[in-house]
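Okay, structure first, notes after.
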Amino acid sequence: MTAPTTSARDRILARIRAAVADAPEPPPVLRDYRDSHHPADPARLLDLLAENLADYRALVHRCTEAELPALIGRILAERGSHTLLVPDGVPEPWLTDARVDLVRDDPPLAPDRLDAVDSVLTGCALAIAETGTIVLDAGPGQGRRALTLVPDHHLCVIRAADQVVASVPHAMPRLDPARPQTWISGPSATSDIELDRVEGVHGPRTLEVVLVE
Amino acid sequence: MSDTYLGMPSFPEAARESTKDTRLRANLTHATHTIRDKRAKAVAELDDWARLREAGKRIKDETLRHLDEHLIRLEQQVVAAGGTVHWAADAAEANRIVADLVKAIGGADPDKREVVKVKSMATQEIGLNEALEAEGIAAYETDLAELIVQLGDDRPSHILVPAIHRNRGEVREIFAEKMGEWGRPAPENLTDRPADLAEAARLHLREKFLRAKVGVSGANFMVAETGTLVVVESEGNGRMCLTLPETLISVVGIEKVVPTWRDLEVFLQLLPRSSTAERMNPYTSTWTGTTDGDGPKEFHLVLLDNGRTATLADEVGRQALRCIRCSACLNVCPVYERAGGHAYGSVYPGPIGAILTPQLRGTASAVDASLPFASTLCGACYEVCPVAIDIPEVLVHLREQVAEEGVGHRAERAAIGAATWLLDHPAALGAAERVAAKTRKLHPKRLPVGPAKAWTDSRDLPEFPAEPFRDWWKKNRR
């Protein structure tokens with residue numbers, strides 16, 4: 001529905017049309033910028049992703065599919081997590097070595113319940129190597145947006161084989177704008193006090209990433 | 001714009017005071033130099049920066065030329081995705097819409113009359129917090145710098161880092177004294193380490209996020225083709241406000257629309273590197289209307305004009321509407337660095353403010369008429385602008401307008417008149433240059449009398465070259 005301020009709508013649109021009535025047609029948009037700044041070598045892209053994630057203070061692990069359950073178990077144990085939030089669609093084998101209480105978002109948990117959880121484990125939609133970015137789109141194994149926001153520790157698994165793209169221009173066509181998205185590049189941070197970067201304000205203060213090769 | 005800024009002194013008056021503040025100048029010099037060096041490095045990583053910049057400029061120009069069509073498309077898509085679209089011709093209309101929505105949601109319960117806010121230039125511009133307060137609604141700023149400004153009963157002085165004029169000691173004092181009045185007090189023995197101050201803000205705001213019913217935001221971009229809104233941030237307070245409340249109200253200037261989803265690939269490369277000098281900011285949220293079971297159940301978009309269509313009508317000045325609020329121009333500006341953001345008397349300080357504010361508000365007040373002159377025209381702002389806004393060109397254009405309205409300087413108009421005649425008469429110009437070169441030893445460093453004397457109170461007159469360039473060229477070209 002559209003709210004009953006149609007008069008404002010009509011006035012604004014009329015003002016716009018009057019304002020640009022005599023304006024010339026601007027030159028066409030050129031897309032001659034690069035679609036990526038690095039060669040399309042999968043191994044090199046994976047290294048670049050790991051470097052850029054680490055550069056923005058994410059903790060980065062690399063392992064094979066077979067090593068993944070043990071690694072997840074070890075990360076949670078070393079952090080001392082007792083409760084792990086698991087969104088729908090996280091593969092069950094990931095959890096076989098996790099010695100923690102599993103918390104499911106079914107029925108949906110209130111914000112204060114999410115706040116009491118130690119860690120959250122998710123997959124992702126894709127990751128962008130050049131910028132060190134993970135994109136979540138609430139797809140399987142990711143859950144609704146609040147799940148990766150309120151807990152203080154986010155553990156995110158990226159499949160190297162099909163989830164790593166080189167650049168932002170490579171990411172856009174693979175993402176569906178109809179889905180709510182969160183692009184994450186390192187843990188929550190601020191530079192608001194004297195432009196000194198501080199990691200960890202409102203979002204998860206620890207972002208841990210596992211690249212599965 | 002906000003009443004807060006009515007009756008502000010003109011830029012030279014305000015700057016005369018602020019430039020004497022040595023602490024402010026030290027804070028600003030440190031901060032602006034740090035960020036400008038980082039930005040240069042982040043930009044240098046992309047060897048196609050010039051092409052990205054040109055693409056950004058052209059996307060915005062194309063959008064502005066057909067703004068009506070893009071806004072109608074955007075409205076259709078937002079509505080189709082379950083959102084509601086409101087249009088506000090000015091600040092009063094926008095504030096009225098937001099206040100009425102909050103009251104309708106909160107009902108008669110005064111405890112429910114509160115909102116959590118993501119940092120937004122548009123809501124500052126319209127003075128939303130003050131308007132809500134007048135209606136008995138508390139608006140909590142949740143960006144760390146905005147929190148510092150709000151608790152300190154202060155005004156923002158930078159687009160990206162609104163509390164750039166405060167150092168860590170001052171922030172500690174504000175938190176220790178004021179947090180208790182607004183909610184959870186600061187921890188005992190709070191230190192002035194930025195990490196401890198950030199932790200205090202996390203704890204203070206957490207309870208507000210978790211109970212909030214209404215979130216208020218702006219947006220960095222709105223995609224017409226899909227109805228998608230985009231908020232770019234660092235701290236996660238944006239995600240909190242966009243995700244946890246049941247209702248989300250976004251107040252966005254009409255110029256923030258871009259035609260296609262793909263266009264974001266340009267701006268999501270240009271903005272973070274120009275703004276915080278990062279390859280990518282920590283968090284970017286995108287949403288399209290409402291999504292069942294994820295985030296707010298209700299979404300309202302308030303499309304704000306408030307002087308933007310008047311700006312659009314000016315063929316030179318309309319390029320200011322390309323601005324993506326990165327604040328790179330502030331960080332390189334020698335005038336901003338010395339005068340500070342408050343002297344500009346507007347939520348938009350620095351070079352972009354000097355061309356945006358007088359266009360959005362008009363030049364009737366002393367401060368607005370003085371803003372086009374708050375520049376040395378050095379051009380550093382244009383160099384760093386990621387959407388190639390020729391700020392010096394617009395400044396000169398606005399100076400002409402102010403002068404034509406009779407507010408300008410008579411001596412400047414006389415000098416421009418004389419220069420115009422001289423440049424139209426090359427023989428006379430050549431003769432004048434040679435006389436000036438021959439007599440250079442006799443030129444004073446300062447002007448002793450006359451209307452331009454004030455100009456040399458704080459600077460030396462430039463030295464004349466020994467020989468006019470055109471004579472040198474005749475002898476040396478080959």
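Letters go in sequence order (proteins before strands), and every chain restarts at 1. Here the structure is a predicted model, which is why all the values come from computation and not from measurement.
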### Message
Taking every non-hydrogen pair under 4.5 Å, which of Val232(B), Leu144(B), Asp61(B) racks up the most with chain A?
### Response
Leu144(B)

### Part of Leu205(B) lying under 4.5 Å from any heavy atom of chain A
side chain

### Summary
Checked Arg239(B), Glu170(B), Arg318(B) vs chain A; the most non-hydrogen pairs under 4.5 Å come from Arg239(B)

#### Entry: Atom group of Thr286(B) that falls short of 4.5 Å from chain A, counting heavy atoms
both

### Query
Got a second to check how far Glu278(B)'s CD is from Arg197(A)'s CZ, nearest 0.5 Å?
5.0 Å

### Query
Only one of Glu265(B), Gln269(B), Arg51(B) forms a side-chain hydrogen bond (donor to acceptor under 3.5 Å, both in side chains) with Tyr33(A), so which one is it?
Glu265(B)

### Query
Between Asp152(A) and Arg202(B), is there a side-chain N and carboxylate O pair less than 4.0 Å apart?
yes

### Asp22(A) atom CG, over 12 foreign heavy atoms within 6.0 Å
no

### Message
If we ignore hydrogens and angles and just use 3.5 Å, is the side chain of Trp261(B) paired with the main-chain N or O of Met172(A) as donor and acceptor?
### Response
yes

### Test item: Val201(A) and Asn237(B) side chains (from C-beta on) under 4.5 Å apart, heavy atoms
no

### Task
Show your working on side chain to side chain contact (heavy atoms under 4.5 Å, CB included) between Leu13(A) and Ile72(B) and close with a plain yes or no.
CA-CA 9 Å; Leu13(A) 290 173; Ile72(B) 290 169; 4.0 Å; yes

### Query
If you measure from CD on Glu54(B) to CG on Asp32(A), what distance do you get to the nearest 0.5 Å?
8.5 Å

#### Entry: Option that, when pairs with chain A are counted at under 4.5 Å, heavy atom only, ranks first among Ala313(B), Ala55(B), Pro282(B)
Pro282(B)

### Message
Tell me if a side-chain donor or acceptor on Arg206(B) pairs with a main-chain N or O of His202(A) at a distance below 3.5 Å.
### Response
yes

#### Entry: Heavy-atom closest pair, residues Pro187(A) and Tyr283(B)
C-OH, 4.1 Å

### Task
Among Pro177(A), Ser188(A), Pro111(A), single out the residue with the greatest number of heavy-atom pairs under 4.5 Å to chain B.
Pro177(A)

### Which atoms of Ser36(A) approach chain B - backbone, side chain, both or neither, heavy atom under 4.5 Å
neither

#### Entry: Which of Leu149(A), Leu207(A), Ile184(A), Val150(A) touches chain B most, by non-hydrogen pairs under 4.5 Å
Leu149(A)

#### Entry: Heavy-atom pair count under 4.5 Å with chain B, highest-scoring of Pro27(A), Gly186(A), Pro108(A)
Pro27(A)

### Summary
With chain A, the option among Thr276(B), Ile59(B), Thr34(B) that has the most non-hydrogen atom pairs under 4.5 Å is Ile59(B)

### Summary
In terms of heavy-atom contacts, Ala138(A) and Asp294(B) come closest through CB-OD2, 3.6 Å

### Query
Which residue out of Glu130(A), Arg144(A), Arg179(A), Gln181(A) racks up the most heavy-atom pairs below 4.5 Å with chain B?
Gln181(A)

### Task
Can you see which heavy atom on Met280(B) is nearest to which on Tyr56(A), and at what distance?
O-CE1, 3.8 Å

### Query
Has His82(A) got more than 12 heavy atoms of other residues, nucleotides or ligands less than 6.0 Å from its NE2?
no

### Message
So which residue, Pro28(A), Pro173(A), Ala14(A), ends up with the most heavy-atom pairs under 4.5 Å with chain B?
### Response
Pro28(A)

### Message
If you count every heavy atom of other residues, nucleotides or ligands that lies below 6.0 Å from Glu315(B) atom CD, does the total exceed 12?
### Response
no

### Task
Before accepting this row, confirm whether a basic side-chain N of the pair Arg9(A)/Asp305(B) lies closer than 4.0 Å to the acidic partner's carboxylate O.
no

### Query
Is chain A contacted by the side chain of Thr63(B), its backbone, both, or neither, given a heavy-atom distance below 4.5 Å?
neither

### Query
For chain A, which of Val266(B), Val230(B), Val78(B), Leu71(B) has the most heavy-atom pairs under 4.5 Å?
Val266(B)

#### Entry: Residue pair Ala23(A) / Arg65(B): nearest heavy atoms and the distance that separates them
O-NE, 2.9 Å

### Pairwise distance CG(Asn27(B)) to CD1(Ile193(A)) - rounded to 0.5 angstrom
12.0 Å

#### Entry: When Asp35(A), Thr131(A), Leu136(A) are compared by non-hydrogen pairs under 4.5 Å with chain B, the top option
Thr131(A)

### Query
Is chain B contacted by the side chain of Leu175(A), its backbone, both, or neither, given a heavy-atom distance below 4.5 Å?
both

### Task
Please check if atom CZ in Arg113(A) has more than 12 non-hydrogen atoms from other residues, nucleotides or ligands closer than 6.0 Å.
no

### Query
Should the pair Arg34(A)-Asp47(B) be classified as a salt bridge under the 4.0 Å nitrogen-to-oxygen rule?
yes

### Task
Could you give me the CA-CA distance, side-chain angles and deciding distance for Ile254(B) and Ile12(A), then say whether side chain to side chain contact (heavy atoms under 4.5 Å, CB included) is met?
CA-CA 9 Å; Ile254(B) 52 176; Ile12(A) 293 170; 4.2 Å; yes

### Crowding at CG, Asp37(B) (>12 non-hydrogen neighbours, <6.0 Å)
yes

### Taking every non-hydrogen atom, the tightest pair across Val198(A) and Pro194(B)
CG2-CB, 3.5 Å

### Message
Other residues, nucleotides and ligands only: do more than 12 of their heavy atoms fall within 6.0 Å of CG on Asp162(A)?
### Response
yes

### Query
Do Asp263(B) and Arg31(A) pass the side chain to side chain contact (heavy atoms under 4.5 Å, CB included) test, and can you show the C-alpha distance, the side-chain angles, and the key distance before you say yes or no?
CA-CA 10 Å; Asp263(B) 292 331; Arg31(A) 298 193 190 268; 2.5 Å; yes

### Summary
Here the pair of heavy atoms bringing Leu210(B) nearest to Asp112(A) is CD1-CA, 4.3 Å

### Message
Less than 4.5 Å to any heavy atom of chain B: does that hold for the side chain of Ser191(A), its backbone, both, or neither?
### Response
backbone

## Note on the structure
To the nearest 0.5 Å, atom OG1 of Thr133(A) lies from atom CG of Asn281(B) at 8.0 Å

### Task
Could you tell me the separation between the CD atom of Glu235(B) and the OG1 atom of Thr190(A), rounded to the nearest 0.5 Å?
3.5 Å

### Task
Please round to the nearest 0.5 Å and tell me the distance separating atom NE2 of His66(B) and atom CD1 of Ile16(A).
12.5 Å

## Note on the structure
Honestly, the part of Ala81(B) sitting under 4.5 Å from a heavy atom of chain A is neither

### Largest heavy-atom contact set with chain A, pairs under 4.5 Å, which of Thr284(B), Thr291(B), Thr288(B)
Thr284(B)

### Query
Yes or no on side chain to side chain contact (heavy atoms under 4.5 Å, CB included) for Leu46(B) and His37(A), after CA distance, side-chain angles and deciding distance?
CA-CA 7 Å; Leu46(B) 301 187; His37(A) 298 82; 3.5 Å; yes

### Query
Salt bridge check: are Arg17(A) and Asp68(B) linked by an N-O gap of less than 4.0 Å?
yes

### Query
Under a 4.5 Å heavy-atom cut-off, does chain B meet the side chain of Ala21(A), its backbone, both or neither?
backbone

